[in-house]
Amino acid sequence: MSSQQKQYALQELAGGLFYGEGTRWRAGKLYISDMIGQKVYSIDAAGNKTVIAEQPHKPNGMGFLPNGDLILSSMHENKLYRYLPDAPVGNNLELYADLSSLFTGYIGDMVVDDNGRIYVDDVGARVFEGEALKPGRIVIVEPDRSISVGLEDCHFPNGIVITPDKKRLVFAETFLEQLSTVDIVDGQLVNRRVLLDMTKIFVSEQDRAHKNGCLDGIAIDAEGGIWLSVLYAGQFVRIDSEGNVTDRIHVPGYDKMVACTLGGEDGKTLFMSVSRIKGNHTHIFDALVSRNIETTIFTARVAVGSGQP
């Protein structure tokens with residue numbers, strides 16, 4: 001069945017966030033960073049939100065270590081923190097790694113491998129302070145917490161996943177409108193290449209004028225298919241392991257498709273974080289700075305379950 005024929009029933013899970021990033025599923029709950037709201041939430045299956053951490057320097061990507069510990073990012077500090085679930089909110093974050101010596105921008109997304117190695121994006125520029133876009137990098141945090149640059153010259157690296165066979169890392173380069181991949185060899189990143197040129201999927205004159213091929217968060221399933229949050233195009237797109245579009249989920253009435261993850265009891269629920277700009281802002285960063293944006297989380301049932309813990 002082609003991507004144009006499939007129909008998806010959207011269910012609203014929760015709202016009341018400014019800008020929901022870094023979605024992850026674990027043990028019956030969705031975890032999400034409200035970047036602009038400066039809080040991290042867990043959300044249960046009924047849509048009940050609980051603040052688990054407060055982060056004045058803006059949270060973004062997150063990931064779980066093999067032992068179940070949750071690692072949270074602090075964007076403007078460029079630090080990673082371990083979440084301490086038994087401590088009170090406001091005193092439940094323990095410094096895990098300081099990346100500020102290697103970063104020129106902010107922490108974006110991250111992914112954790114089976115050994116506890118963390119691959120984390122540096123978007124390259126401090127765009128909230130008015131810096132123009134410039135290349136960033138992917139930094140590796142080893143299980144002993146030592147840090148190194150894994151890959152340079154990444155153009156606003158964003159959503160990031162590891163393939164089910166553990167052999168490749170895939171990441172979005174947002175404003176290049178492409179998905180890139182690189183081999184993982186003994187924890188290091190080698191043989192980089194373009195996996196998908198989004199301008200070949202979004203080819204119309206309107207698409208090109210609005211850069212509708214820009215990507216934000218991504219999620220991978222057990223077949224190596226990747227769900228893409230197509231930032232400006234009002235839809236989530238699934239590609240197979242060869243880069244062919246198999247599915248599209250449209251979310252009408254929202255400006256920005258921000259993040260997604262697979263979860264639920266069988267791993268076949270796609271959680272989608274979508275945002276709507278309020279006011280007359282011409283650029284997403286302006287809306288974020290002024291906090292004139294709101295996020296809703298929707299779900300849809302999909303055919304293939306999660307390919308990543």
Side-chain angles (χ1 to χ4, degrees), residues 1-8 10 21 23 108-109 111 121 123 133 135-136 138 153-164 168-182 191-262 268 270-277 283-284 298-304 306-308:
M1 188 180 292
S2 76
S3 63
Q4 306 302 323
Q5 294 173 306
K6 296 180 182 179
Q7 300 294 318
Y8 290 92
L10 298 180
E21 278 277 17
T23 49
D109 209 343
V111 67
D121 298 333
V123 301
L133 295 173
I138 295 173
D153 198 33
C154 303
H155 293 261
F156 211 92
N158 216 323
I160 184 170
V161 295
I162 295 172
T163 56
R168 291 187 296 116
L169 184 143
V170 180
F171 63 100
E173 294 188 90
T174 296
F175 297 109
L176 282 187
E177 299 180 78
Q178 72 184 27
L179 201 63
S180 296
T181 189
V182 62
N191 189 26
R192 176 181 175 177
R193 63 267 193 202
V194 175
L195 176 63
L196 182 67
D197 180 352
M198 292 295 293
T199 66
K200 295 181 179 179
I201 296 177
F202 291 88
V203 299
S204 73
E205 185 174 330
Q206 181 176 356
D207 286 332
R208 303 307 336 118
H210 293 92
K211 293 183 75 69
N212 278 347
C214 289
L215 297 173
D216 201 328
I218 63 178
I220 196 161
D221 65 31
E223 294 181 355
I226 301 176
W227 283 97
L228 312 171
S229 307
V230 191
L231 185 60
Y232 300 140
Q235 60 190 275
F236 293 82
V237 171
R238 181 187 182 270
I239 60 167
D240 63 20
S241 59
E242 303 300 318
N244 304 302
V245 174
T246 64
D247 302 74
R248 296 178 190 258
I249 300 178
H250 294 267
V251 187
Y254 287 83
D255 302 296
K256 304 294 177 283
M257 309 295 106
V258 181
C260 60
T261 196
L262 287 161
K268 294 182 179 180
L270 183 68
F271 295 87
M272 297 164 284
S273 174
V274 302
S275 294
R276 178 161 45 208
I277 290 177
H283 200 285
I284 188 171
F298 289 95
T299 65
R301 296 289 292 161
V302 298
V304 184
S306 176
Q308 199 161 279

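Owing to the predicted nature of the structure, the values given are computational and were not obtained by experimental measurement.
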**Q** Just by distance, do the side chain of Ser229 and the backbone of Met257 share a donor-acceptor pair under 3.5 Å?
**A** no
**Q** Hey, does the side chain of Thr174 reach the backbone of Asn158 with a donor-acceptor pair shorter than 3.5 angstrom?
**A** no
**Q** Hey, what do you get for CG (Leu215) to CG (Leu231), rounding to the nearest 0.5 Å?
**A**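 Between atom CG of Leu215 and atom CG of Leu231 there are 8.5 Å.
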**Q** Between Thr246 (side chain only) and Ile239 (backbone N and O only), is there a donor and an acceptor less than 3.5 Å apart?
**A**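 Between the backbone of Ile239 and the side chain of Thr246 there is no qualifying donor-acceptor contact (under 3.5 Å).
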**Q** Using a 3.5 Å distance criterion without hydrogens, assess whether the side chain of Asp121 forms a donor-acceptor pair with backbone atoms of Val123.
**A** no
**Q** Looking just at side-chain N and O atoms, do Glu177 and Thr199 make a donor-acceptor pair shorter than 3.5 Å?
**A** no
**Q** Check whether Arg238 reaches the backbone of Phe236 with its side chain - one donor and one acceptor, N or O, closer than 3.5 Å.
**A** no
**Q** Salt bridge or not between Arg192 and Glu173? Use side-chain N to carboxylate O under 4.0 Å.
**A**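 Yes.
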**Q** Taking the side chain as C-beta and beyond, is there a heavy-atom pair between Ile218 and Phe171 under 4.5 Å?
**A** no
**Q** Take Tyr254 and Phe298 through the ring pair (Phe, Tyr, Trp, His ring centres under 6.0 Å) test and state the conclusion after the steps.
**A** CA-CA 11 Å; Tyr254 287 83; Phe298 289 95; 5.6 Å; yes
**Q** Would you say Ser180 and Gln178 are linked by a side-chain donor-acceptor pair, where the criterion is simply a distance under 3.5 Å?
**A** yes
**Q** Assess whether a salt bridge exists between Asp255 and Arg276, defined as any Lys/Arg side-chain N lying under 4.0 Å from an Asp/Glu carboxylate O.
**A** no
